[in-house]
Amino acid sequence: MKHTIILVGADKGGVGKTTIARALLDFLHRKNILVRAFDTENPRGTLHRFYPGISEIIDLGDVASQMKVLDTLTTSDIKVTIVDLKAGNLSTALDTFEKIGVLEAARNGEFNLALVHVVGPAIASLDEMGEVAKYTDGIAYVVARNFINETNFFEWDERTYKKYFANLANAREIEVPKLNEMAYEQVDLAGVTYSNFVSNINAKGAASNFSFVLRGYVRKWLSDIDVEFEKLEVVKWVMDAARESTSISSENSDENSDDE
Amino acid sequence: MISRLYSDLLHLRDPRGPKIYDTDLSGNSVVTRFPSKTLMLDLAKVGDQLKLFDGVLAEPERDHVVDLSADMLTRFFSIFKEINFEEGAAEAGVEITIHHIVDPSVPSVRTALETSRIAPSASFVPVRNLAIGDCLVVPGAAEIYQKIEFDSEIVMPNLEPEVQAWTEAPDFTWSGLLLGRHDDIPYEIRLVITNFLQSIYDQTDAREEEFK
């Protein structure tokens, strides 16, 4: 199974980048796909707070950290890596990856690479897409329009956006639906995954007492965002690969039992 | 009227009375009768949604009466469906009964039909209040009414204005009448009101035996 790296980033802070990384991790977990995650919001690490068991805080500017992510691709048993890029660091990270040959390796098919570019409602997001476009050739590029924590409408005209979007080769887009603000805050305060919030499980793994109403809103939001994720090519790669490896392992176990 | 009636009669089952939720913000509704037991709710506010739905699940052993104003019906059931309250209620052991007042008009009966299909596990009870007319005599409405799958229906007899006035008196309670606390009301009037209650009682489904 070929390794898949999914970068989640934005050049502007506060657009809900980590929220989407969390939602993606949640989605893959519910599909029983093992994932490892790297949180580059060092030293604090927001993603790490919700996924302490499977994530690590790193500094992507540091060579040792780059090695941790990239040099382990072939040796790690876990074949999906999500990297939550530090806010405002998307272009820098892509530039670094270009320089050290990561993007080239992905283009050559050594592993799958996807970039989920989270854009907010500001006009600056359109310019960001233009800047990022030069790196996206040969990788899966996803523009995630995030409606989660913004109550206002997107500032840009839909036609202008479509024009920008049309200029991006092989770009896909998803719309991240709005999550009720109180529900969002409560999940955040609880420091749990979305799924655990829905299942009423606290950060220590014990039964909790979260609001049924808010859990309901999160459940509905997860189901809506699942539909968006399922549209993505990168998610299909991961799911197909997971299915393949499951069927291979079950064939192997059948053979083993025949031997017995 | 039906929410007031139930809120009142449920005091006979539990002296604490039910918890009452009123979405009619005009204040001219069930809250006027039970001000200390009624929570006024604006369902557009998430905080108020929590008070209602979480409030019910927090006390499943207690009776709860939700008085839904017509303008809040769509919003209520939209939230109800979105948060899958039906499942939450079932897990908590809360039985839901929807009493839907049906006006003598096609749109009203159509709304009742749609509402009856929202929560399959809930008991749906259309209420035809003869004081405002009967939908069964309205062309088109009766046909739609026949499509409603209900567990029981209540036909509220028409109360003469004089009798109605007694029931609207500030100190009048239906439960008080049944407990013999309204000797001040003329005997004939008490008899009419008692018959009115008896009529509703007789139409209450057998599944609501406990309520009876």
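Heavy-atom basis, side chains included; hydrogens, waters and symmetry copies ignored. Because the structure is a prediction, the values reported are computed rather than measured. By convention in this document, chain letters (A, B, ...) are assigned in the order of the sequence lines, proteins followed by strands, and residues within each chain are numbered from 1.
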How about [X]: does its [atom1] atom have over 12 heavy atoms from other parts shown lying under 6.0 Å from it?
X	atom1	answer
A/Asn209	CG	no
B/Arg181	CZ	no
A/Lys231	NZ	yes
A/Arg172	CZ	no
B/Gln146	CD	yes

Holding to ring pair (Phe, Tyr, Trp, His ring centres under 6.0 Å), I want the full list of residues that pass it with B/Tyr21, two or more places apart in sequence or in another chain.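 Ring pair (Phe, Tyr, Trp, His ring centres under 6.0 Å) check on B/Tyr21 returns B/His64.
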Which residues share a ring pair (Phe, Tyr, Trp, His ring centres under 6.0 Å) with A/Phe38, sequence neighbours left out: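 A/Phe38: no ring pair (Phe, Tyr, Trp, His ring centres under 6.0 Å) contacts found.
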Would you call A/Val213 and B/Phe85 a side-chain contact if the rule is heavy atoms closer than 4.5 Å?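 A side-chain contact under 4.5 Å is absent here.
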Do B/Asn84 and A/Arg219 touch side chain to side chain, with heavy atoms closer than 4.5 Å? yes
What residues of residues 200-207 of chain A make heavy-atom contacts with chain B at a cutoff under 4.5 angstrom? none
How far apart are the closest heavy atoms of B/Asp54 and A/Phe212, and which atoms are they?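 Closest pair (atom of B/Asp54, atom of A/Phe212, distance): OD1-N, 2.9 Å.
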Which pairs count as salt bridge (Lys or Arg N to Asp or Glu O under 4.0 Å) when at least one residue sits in residues 65-89 of chain B, sequence neighbours excluded?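 For residues 65-89 of chain B, and leaving out neighbouring residues, there are no salt bridge (Lys or Arg N to Asp or Glu O under 4.0 Å) pairs at all.
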Residue B/Leu50 versus chain A: region with a heavy atom under 4.5 Å: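 The answer is both parts of B/Leu50.
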